[in-house]
Amino acid sequence: MSQRTSEGVARILRTEIFAGQLKPGEPLPERLLAEQLGVSRTPVREALFTLQSEGLVELTPNRGATVRTITSHDIVQIYSLRGVLESYAAGEAAQSRTRQDLDALEDAHAKLERISASGTAAEQALADLHFHTLISEAAGSRLLQTIMNQVLAFTVSYRSNYAYPSDRAAAAITEHRAILDALRASDAARAEQLMREHVASSSRFALEHFSDEEHAVVN
């Protein structure tokens with residue numbers, strides 16, 4: 001029954017976008033989705049509005065809904081937002097994290113290490129999303145968590161399309177470990193700085209990959 005609600009439909013579509021099963025630019029017709037999911041069109045329509053607010057879906061008059069196509073400008077904007085929001089979240093988390101928060105982050109980091117070498121792009125992206133989400137939760141602000149969930153969801157929809165090569169995966173693991181160590185030490189200034197640097201390095205790699213993709217299409 002939970003999948004018959006708009007929240008359940010949004011969860012299904014979000015998962016398929018993250019997994020790359022729904023591609024950028026792919027149409028999302030309400031009637032067909034309702035038939036496939038065994039629901040009325042109302043929860044589908046509400047779910048599409050939810051995903052639009054997360055930046056995952058575009059709703060165009062007379063055209064309907066499509067999976068959003070991400071541009072290089074989108075990447076610059078989203079990582080700029082992440083740099084501000086996540087560095088703040090890391091600083092706050094360093095001061096308010098609990099033992100349970102640290103344990104959860106250790107488990108998430110261990111999963112990242114396991115997946116980084118052999119996981120699919122979607123698995124890597126979702127494991128990374130979980131780690132970063134836990135930090136925003138540890139900051140103790142429900143408002144910040146809500147905003148961060150939207151920002152991170154947009155990132156994952158793009159990151160799910162490419163796996164990190166071994167050198168970038170290893171660098172990300174090292175960066176995550178340093179952030180976690182700063183949280184454990186309650187060093188807010190260092191946690192904030194390290195998160196800002198980590199997001200910046202992730203942004204550079206994302207833009208390099210996007211440029212490579214554009215070049216490949218042109219050629």
Side-chain angles (χ1 to χ4, degrees), residues 14 17-20 23-25 51-58 67-94 105 108-109 112 115-116 119 121-139 141 143-165 167-180 182-183 188-217:
R14 189 185 297 112
I17 292 172
F18 286 171
K23 306 293 185 183
L51 296 176
Q52 180 190 41
S53 73
E54 296 175 4
L56 301 179
V57 165
E58 284 186 308
V67 179
R68 181 170 179 176
T69 298
I70 298 174
T71 67
S72 58
H73 181 63
D74 292 329
I75 294 173
V76 170
Q77 282 195 319
I78 206 67
Y79 276 98
S80 295
L81 282 171
R82 283 187 59 185
V84 174
L85 293 170
E86 290 205 79
S87 59
Y88 173 77
E92 291 295 298
L105 281 163
H109 188 265
L112 272 169
I115 288 177
S116 65
E123 288 171 338
Q124 287 182 359
L126 289 172
D128 184 75
L129 170 67
H130 184 52
F131 182 86
H132 284 265
T133 298
L134 287 173
I135 293 177
S136 69
E137 291 175 354
S141 168
L143 175 60
L144 177 63
Q145 185 181 339
T146 298
I147 297 170
M148 283 306 312
N149 286 344
Q150 293 178 328
V151 173
L152 290 171
F154 186 91
T155 304
V156 174
S157 69
Y158 177 67
R159 264 284 285 119
S160 295
N161 294 314
Y162 64 94
Y164 273 171
D167 58 342
R168 174 56 199 159
I173 290 295
T174 299
E175 292 164 7
H176 284 140
R177 168 49 64 187
I179 293 167
L180 180 49
L183 296 178
R190 181 159 177 75
E192 187 173 339
Q193 176 189 350
L194 289 170
M195 180 61 82
R196 187 179 295 107
E197 293 172 353
H198 169 62
V199 173
S201 66
S202 297
S203 175
R204 287 192 295 271
F205 185 84
L207 285 169
E208 288 172 5
H209 180 268
F210 190 88
S211 297
D212 289 344
E213 273 195 336
E214 286 187 319
H215 183 74
V217 170

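Bear in mind the structure is a predicted one, so any value in this text is a computation, not a measurement.
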Checking [X] side chain against [Y] main chain: does a donor-acceptor pair fall under 3.5 Å?
X: Ser203; Y: Val199; value: no
X: His176; Y: Ala172; value: yes
X: Gln124; Y: Ser116; value: yes
X: Asp128; Y: Ala125; value: no

Near Tyr88 OH, under 6.0 Å, is it more than 12 heavy atoms from other residues, nucleotides or ligands?
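It does not: Tyr88 OH has 12 such atoms or fewer within range.
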Give a yes or no on whether Arg190 atom CZ has more than 12 heavy-atom contacts from other residues, nucleotides or ligands under 6.0 Å away.
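No.
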Hey, what do you get for [atom1] ([X]) to [atom2] ([Y]), rounding to the nearest 0.5 Å?
X: Leu51; Y: Ile17; atom1: CG; atom2: CD1; answer: 5.5 Å
X: Tyr164; Y: Leu112; atom1: OH; atom2: CG; answer: 10.0 Å
X: Glu86; Y: Ile179; atom1: CD; atom2: CD1; answer: 8.0 Å

For Ala206 versus Ile75, what's the shortest heavy-atom pair and its separation?
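In this case the closest contact between Ala206 and Ile75 is CB-CG2, 4.0 Å.
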For Glu208 and Arg204: C-alpha separation, side-chain torsions, deciding distance, then whether salt bridge (charged side-chain N to carboxylate O under 4.0 Å, His left out) applies.
CA-CA 6 Å; Glu208 288 172 5; Arg204 287 192 295 271; over 6 Å; no
State whether a side-chain donor-acceptor pair under 3.5 Å links Ser141 with Glu92.
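No, Glu92 and Ser141 have no side-chain donor paired with an acceptor closer than 3.5 Å.
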For residues Thr71 and Asp74, is any side-chain donor paired with an opposing acceptor at under 3.5 Å?
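Their side chains do contain a donor-acceptor pair, which is all the 3.5 Å distance test asks for.
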